[in-house]
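Right, one structure below, let's go through it.
Along the sequence shown, residues carry numbers from 1. Please read these numbers as outputs of a predicted model, since none were measured by experiment.
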Amino acid sequence: MAKRGSGPDFIEALARGLEVIQALGDAHDTMTMSELAEKTALARPTVRRILLTLEELGYVRTSKEGSALTPRVLELGVSYIQSQGLWDIARPHMEALVAHTHESSSIAQLDGSDIVYVARVAVPKIVALRVGIGTRFPAASTSLGKVLLADLGQEELDAVLAQPSRSGVVARREVDRAQLERELADTRAKGWCMTDQDLAVGIRSVAAPLRDATGRVVAALNVNAHAGQTSVDRLLEHHLPRLLATASSISEDYVRRNQLR
């Protein structure tokens, strides 16, 4: 349902437009006006005006089957990534990491109780879940998410975990709060985290933090492997040292770039 703001400056029309974009983004195919109206709880005339506006701006295409997003929507996400400066800084480091490990590598940030992928260098391997820029997963079930959650204070952690996941993914292994707290404490102590098929069968991953000049974790970097092809020993003995070195180099370059601004 479209968000309703409480402040006098809240622009409801903008909120409705973003709600339609999100609804279209959740669809695997086109959506009819009736489906969008039901999904967003907006009146059909309102949905129609929003779709016409988005189509004129180039964010939506409409056919007899319904409406769908166009690739131009990616510009909205790319603008965020570019504003952070992470991708330009991280890309050569990630490419070198992938060349060394022959495994995919991603960067993610927290959004509520989910992680969202903001950068990725992939290798062609069969994985259990499709991953791309903008993909969401429950943070508590991923190595990237645990690295990010481990940096939060208790009140902030409580607030984050109280939010329902918007990923639509049910983790293979769900832990209770006490177990999660122990795993986060272990992550803080080690400075990295490994998960072994916690999210889905076949997904094995190790992640490390990316930090700003104050030491705050701004994102997390991982090496993602298929459990049937890469053993835990291989992941920890061969991939982890290179991952930690790469995360350190990206953090140093990120701090240096921000200091020069």
Side-chain angles (χ1 to χ4, degrees), residues 1-87 107-120 130-142 144-145 148-149 152-153 155-170 216 218-220:
M1 181 176 292
K3 306 297 187 296
R4 299 292 187 266
S6 58
D9 297 321
F10 184 83
I11 304 174
E12 191 167 306
L14 176 59
R16 289 174 172 177
L18 293 173
E19 193 78 7
V20 169
I21 289 176
Q22 183 177 332
L24 288 170
D26 291 339
H28 297 293
D29 204 344
T30 58
M31 293 184 72
T32 65
M33 195 178 304
S34 296
E35 289 171 335
L36 278 168
E38 182 179 355
K39 176 80 171 178
T40 60
L42 296 172
R44 281 171 56 95
T46 300
V47 173
R48 177 179 176 275
R49 291 195 299 272
I50 291 171
L51 288 174
L52 289 172
T53 300
L54 292 173
E55 185 174 12
E56 186 168 338
L57 293 172
Y59 293 113
V60 164
R61 66 174 183 272
T62 301
S63 64
K64 292 185 296 183
E65 289 76 25
S67 298
L69 297 178
T70 71
R72 187 172 185 183
V73 173
L74 293 172
E75 294 176 2
L76 301 175
V78 169
S79 296
Y80 166 74
I81 294 169
Q82 289 177 340
S83 73
Q84 301 298 299
L86 269 176
W87 173 236
I107 291 177
Q109 294 179 303
L110 271 182
D111 183 22
S113 62
D114 294 332
I115 59 165
V116 179
Y117 283 71
V118 299
R120 181 166 172 81
R130 185 178 64 181
V131 177
I133 304 303
T135 295
R136 289 178 171 272
F137 290 131
S141 301
T142 68
L144 289 163
L148 295 166
L149 293 173
L152 301 180
E155 288 187 8
E156 193 175 4
L157 179 64
D158 291 341
V160 164
L161 294 178
Q163 300 179 50
S165 172
R166 293 163 50 202
S167 68
V169 175
V170 177
R216 181 177 65 93
V218 296

- Query: Does the pair Leu54 and Val73 meet the rule for a side-chain contact (heavy atoms from CB on, under 4.5 Å), with working shown?
  - Reply: CA-CA 10 Å; Leu54 292 173; Val73 173; over 6 Å; no
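For the atom pair CD of Glu12 and CD of Glu19, the computed distance is 11.0 Å after rounding to the nearest 0.5 Å. How far CE of Met31 is from OG1 of Thr40: 8.0 Å, rounded to the nearest 0.5 Å. The CG atom of Leu161 lies 10.5 Å from the CD atom of Glu156; values are rounded to the nearest 0.5 Å. Between atom NZ of residue Lys39 and atom OG1 of residue Thr32 there is a gap of 13.0 Å, rounded to the nearest 0.5 Å. Rounded to the nearest 0.5 Å, atoms OG1 (Thr30) and CD (Glu35) are 7.5 Å apart.
Looking at residues two or more places apart in sequence or on another chain, you find a salt bridge (Lys or Arg N to Asp or Glu O under 4.0 Å) between Asp111 and Arg136, Arg166. Taking the side chain to side chain contact (heavy atoms under 4.5 Å, CB included) definition, one finds that Ala219 meets it with Leu86, Ile107, Gln109, Leu210, sequence neighbours left out.
When all heavy atoms of Gly145 and Ile115 are compared, the pair lying nearest together is CA-CG2, 3.4 Å. Counting all heavy atoms, side chain and backbone alike, Leu24 lies closest to Ser67 at CD2-O, 3.5 Å. Summarising the geometry of Leu36 relative to Ala23, their closest heavy-atom pair is CD2-CB, 3.8 Å, with the distance given to 0.1 Å. Heavy atoms only, all atoms of each residue included: Pro138 and Asp114 are closest at CA-OD1, 3.8 Å. Between Ala15 and Phe10, the shortest heavy-atom contact is CB-CZ, 3.6 Å.
Checked options Val218, Leu152, Val116, Leu144; the residue passing with Leu110 is Leu152 (criterion: side chain to side chain contact (heavy atoms under 4.5 Å, CB included)).
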When the side chains of residues 42-50 are checked against the rest of the protein, which donor-acceptor pairs come out under 3.5 Å, sequence neighbours left out?
residue, atom, partner, partner atom, Å
Arg44, NH1, Ser34, OG, 2.4

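A donor-acceptor contact shorter than 3.5 Å links the side chain of Ser113 to the backbone of Gln163. Judged by distance alone, with hydrogens and angles left aside, the side-chain atoms of Thr70 form a donor-acceptor pair with the main-chain N or O of Gly58 at under 3.5 Å.
Val169 is not listed as a side-chain neighbour of Thr135, based on a closest heavy-atom distance of 4.5 Å or more.
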